[in-house]
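Residue numbers begin at 1 in each chain, while the letters A, B, ... track the order of the sequences.
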Amino acid sequence: MEELSKRYVPGDIEDKWYQHWMDAGHFRSVPDDRESFSIVIPPPNVTGQLHMGHILNNTIQDILIRRARQEGKNACWVPGTDHASIATEAKVVSMLKERGIRKADLTREEFLKYAWEWTDKYGGIILHQLRKLGASCDWDRTAFTLDEIRSEAVIQVFVDLFRKGKLYRGKRMVNWDPAAQTVLSNEEVIYEEEKTTLYKVRYRIAGTEDEWITIATTRPETILGDTAIAVHPEDERYTHLQGRKAVVPLINREIPVIADAYVDTSFGTGALKVTPAHDVNDYEIGLRHKLDVIDVLNPDGSMSPAAQLFVGMDRDKARKAMFEALETDGYIAGSEELIHNVGRSERTRVVVEPRLSLQWFVDMKAIAAPALKAVEEEEVRFYPDNLRNTYRHWMENIRDWCISRQLWWGHQIPAWYLRDGDSEHVFVGKDEAEALAEARRITGRDDLEVHDLRQDEDVLDTWFSSWLWPISVFDGWRRQDEVDYYYPTSVLVTGWDIIFLWVARMIMAGYEWRGQKPFHTVYFTGMVRDKQRRKMSKQLGNSPDALGLIDQYGADGVRYGILASAPAGGDILFDEKLCELGRNFCNKIWNALRLIKSWEIQPSRDHDDGRELAIRWMNARRMEMDTDLRQKYSQYRLSEGVTALYTFVWDDFCSIYLEAIKPGYGEGLDAESYGATVRLFEQICILLHPFMPFLTEEIWHQLRERKTGDDCIRSRIDQEVGLVDKETLELFGHILKVKSSVLELRNQHQLSPRETMTLVYPSDPELIRIWHQPGAEAVLHKLANATCTQGLGEGVSFLAGKYQYHAVLQIEIDKEMEIKRMREELAYFEGFVNSVDKKLSNEKFVSNAHPDVVEKERQKKADGLVKIEQLQKSISQLL
RNA sequence: GGGCGCAUAGCUCAGCUGGUUCAGAGCAUCUGCCUUACAAGCAGAGGGUCCGCGGUUCGAAUCCGUGUGCGCCCACCA
């Protein structure tokens, strides 16, 4: 027999089995006549690195996929990556900067060449990292949101929406990211409370020497773009100024004082400077009052020539400079601190600038209805389901989705304009030829040629490709066979933070293009945080090195660690300690294997009653566990599932079963017991496999010789739930109680476990029945080194269940203490019986409560009375 | 401003249909053990006003109301 190491060493074993699974094609899925079970991976950023969020997410998906395989379903987990337009482009830009290349100096083609080089170099690293974790994806299906198939889907969808009139181009106030120099959707802006200064600035009233109106602003630099001052129509403080003109400080532009009900009289001074170019509400006011729009900022956030002052200076510096200039000239009338919400770009973290611009939008109201209904009616189920409320709220107040981005890395918008015309006329088509045909049709000019057209420079929001993912990964716009088989997918596993960015939109896309939901269930994971509840981030340095963890604890250990702390929905407070626990668990199981493999089979030996009973019990417990797990899977309580398995394996299998079955020193084991133990271990491996795939696969093969293809990953769980042998569980349970008491007594009295303890039990028919069961005494002897006979109680007493035992100890017992202890127990039970009795004598209880409950109470009372009686007897014996 | 959620042991949380075998688990702490699978192990112990108040009920950690504290989402503040 080969020598097994004392500790489980995961490294080589993991690589070996992953390669084996790949070679055997166990992850591969093609449509057949089985029921399908499919998951599409939330595609990580193509140039990303594995972090704790991925570990959590993909461990869960892998568990569900492996379990589905065991259930005999055709399980298909589709992997892939996201081109992550803005994030990747930012990375490429900074990489180029390091090489002394400015994006502005490159053509689009040149830039994309660099971007693809970058993608080819770093792209897909994360997918290899997922393999380390054990992710059993069908790698042959690896998709990329910017590959040919996915790109074609995006273009088709854009054209389709446009033709259906659900997509439009319009001039709106949008969120501008000055660092990335692109527009963002509302969902990509994060609002956070920040401390800022509210300045009070006075504007002279035109035509007066010393009449002023004072406004309050947090952004003095935008004063240069003011085109009005607004006051509330009924604000008496300013009635006399309405209709007059004020003079913008420093640049002396005259602007009207207007009345608008938007103004909050209680805020600041009650007078509002109106800068339509740089504030959403100001823009609205501007529309109402037909005000000029003066854009004082450049796309990069610096002051534009229109500002007249500080031209080219960054907005933050300009704010300071503006304040100083205003103060010097006596325009500052005061300032105070203000805490308000500031919107920042999700990607670049810079403050987002409201900006008026011409962009493409999806008319969300036109496509939202079926998606809202689907979740409302639980056609799509959410776990946890309280996220339905959040979803409903967003869907009911849905706003149009700005999908154009001023970037190069992404799907270029399939819209064309006349090369030298304005962009009034838009021609949308899947390619230039189609666009040209459109152009000819719309303009009536048959002489137009391709070179007369220019394509929209912008690309589409990354999510505009992600929302098609459940369909596009199956090439669902070009062929039907695969998508018909795998779609709707079974479950989506993702974080709740992208419920709007991604999940909601996928549901809408599903109904829009397939008339069907994209998945039956969404399992929302929480955010991974550190022990102090801080979000994991690079800046804080509190994000553990995911691959390092796998190296240190093994993939199975890490899987256990992340899962054990991860109930659905709630935040996950990740503690490396849990990985240690997982590693220890692996080691425990490994050592169970070592133990079993060390046993010699002795054909001459008989199978004895004790072992027979232990096997029966272990089988019953296994069935119980099996039933329990089914329930936990069906409710996606994976965290509970793995902890239940942990105690089941550790306590029941290792501490109890193996100890009960273990041959004595120098003895061998009968073949039947050995075989039964191997079978039990196998069945445990099956239950454990989805959670700890590597270890279980190794054990599976260590337990016995296997034929090719007989791998744990392909093992099946029974379709039918077996009947649990309750009687054996009860019998064995009682023995375990006695065992615990014996150990406790030994501990209390410092007795050696080597010395056999003699127990005496009272003459009770139930007890006699228990101890006359074949094997009962043998098991007790094995587990506790104690014998048990019926007889008169002498020595130290203890309770096991409702029965009182006595232990014959070779020590002096402290009678006083014994009596005191028993009297305390007695008092407790008397109180207990009393309260139960009270209940039972309450007529309302007896008549109102469930008959079962009443019966239970009666039983409690009866049991309590038995205990009292026995205690009293013991006490009187000692007296 | 609109909405959602949480409060149970030192920490993280279970407790799913109200029922004193329901006050639990794991970690941490403490005690004793290198016992021939495993010290990454084994055997034990202590630790609680189930956030406060009121109500429903025969009965409340559990249901309802309310107060307090905390977290989150959405909308939006010059």
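Aromatic ring centres of A:Tyr199 and A:Phe323 lie closer together than 6.0 Å. Residues A:Trp590 and A:Tyr8 bring their aromatic ring centres within 6.0 Å.
For A:Leu272, whose side chain is taken as the heavy atoms from C-beta onward, the closest listed nucleotide among B:A78, B:A40, B:A37 is B:A78. Closest contact between the side chain of A:Arg594 and the listed nucleotides B:C38, B:A78, B:G15 involves B:C38. Of the candidate nucleotides B:A78, B:G15, B:A37, B:A37 has the atom nearest to the side chain of A:Leu595.
When rounded to the nearest whole Å, the span between CD of A:Glu580 and P of B:G26 equals 17 Å. Look at CG on A:Leu387: it is 10 Å from C1' on B:G5, rounded to the nearest Å. Rounding to whole angstrom units, CG of residue A:Leu658 and P of B:U36 are separated by 17 Å. Atom CG of A:Leu573 is separated from atom C1' of B:G71 by 12 Å (rounded to the nearest Å). When the C1' atom of B:A37 is taken as reference, atom OH of A:Tyr8 falls 17 Å away, rounded to whole Å. The CD1-P distance, from A:Ile499 to B:G3, rounds to 18 Å in whole Å.
Place A:Asn389 and A:Gln631 on RNA chain B by their nearest nucleotides, and A:Asn389 ends up nearer the 5' end. The residue among A:Gly270 and A:Gly666 whose nearest nucleotide of RNA chain B is located toward the 5' end is A:Gly666.
Here A:Ala592 pairs with A:Phe653, A:Cys654, A:Leu658, A:Phe681 under the side chain to side chain contact (heavy atoms under 4.5 Å, CB included) rule; sequence neighbours left out. Residues satisfying the side-chain hydrogen bond (donor to acceptor under 3.5 Å, both in side chains) criterion with A:Thr756, sequence neighbours excluded, are A:Asn785. In this structure A:Thr214 satisfies the side chain to side chain contact (heavy atoms under 4.5 Å, CB included) test together with A:Lys200, A:Arg202, A:Thr269, A:Ala333, sequence neighbours excluded. In this structure A:Val342 satisfies the side chain to side chain contact (heavy atoms under 4.5 Å, CB included) test together with A:Glu194, A:His340, A:Val351, sequence neighbours excluded. Residues passing the side-chain hydrogen bond (donor to acceptor under 3.5 Å, both in side chains) test with A:Trp212, sequence neighbours excluded: A:Asp210. A:Glu855 is linked by a side chain to side chain contact (heavy atoms under 4.5 Å, CB included) to A:Arg858, A:Gln859, counting only residues two or more places apart in sequence or in another chain. With sequence neighbours left out, the side-chain hydrogen bond (donor to acceptor under 3.5 Å, both in side chains) criterion links A:Glu659 to A:Lys662. Taking A:Ser266 as the reference, A:Asp264 meet the side-chain hydrogen bond (donor to acceptor under 3.5 Å, both in side chains) condition, with sequence neighbours excluded.
Using atom P as the reference point in both B:G2 and B:G67, the two lie 14 Å apart (nearest Å). Comparing B:C50 with B:A39, their P atoms sit 42 Å apart, to the nearest whole Å. The same atom, C1', is picked in B:C22 and in B:A61; the two are 9 Å apart, to the nearest Å. Atom C1' of B:C30 sits at a distance of 42 Å from the matching atom of B:U66, rounded to the whole Å.
In terms of phosphate contacts, A:Arg7 brings a side-chain nitrogen or oxygen within less than 4.0 Å of OP1 or OP2 of B:A40. Contact annotation: A:Lys577 side-chain N/O to B:U12 OP1/OP2 distance is not under 4.0 Å. Listed pair A:Arg754 / B:C33 fails the phosphate criterion, with no side-chain N or O lying under 4.0 Å from OP1 or OP2.
Taken to the nearest 0.5 Å, the OH atom of A:Tyr657 stands 12.0 Å off from the CG atom of A:Leu783.
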Can you pull every protein N or O that's under 3.5 Å from an N or O on nucleotides 73-75 of chain B?
{"residue": "B:A75", "atom": "OP1", "partner": "A:Arg399", "partner atom": "NH2", "Å": "3.2"}
{"residue": "B:A75", "atom": "N6", "partner": "A:Asn341", "partner atom": "ND2", "Å": "3.4"}

Scoring nucleotides 41-47 of chain B by protein non-hydrogen atoms under 4.0 Å (B base, S sugar-phosphate only, - none) yields SSBS---
Parsed dot-bracket for RNA chain B after applying the Watson-Crick and G-U rules with both distances under 3.5 Å and | for other-strand partners is (((((((..((((.....[....)))).(((((.......))))).....(((((..]....))))))))))))....
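Under a cut-off of 6.0 angstrom, the local environment of CD in A:Glu843 is sparse, with at most 12 non-hydrogen atoms contributed by other residues, nucleotides or ligands.
Applying the salt bridge (charged side-chain N to carboxylate O under 4.0 Å, His left out) test to residues at least two apart or on different chains, the pairs with a partner in residues 215-226 of chain A are A:Arg219-A:Glu221, A:Arg219-A:Glu353, A:Glu221-A:Arg319, A:Asp226-A:Lys273.
Note on A:Leu198: only backbone sugar-phosphate atoms sit closer than 4.0 angstrom, heavy atoms only; bases stay farther off.
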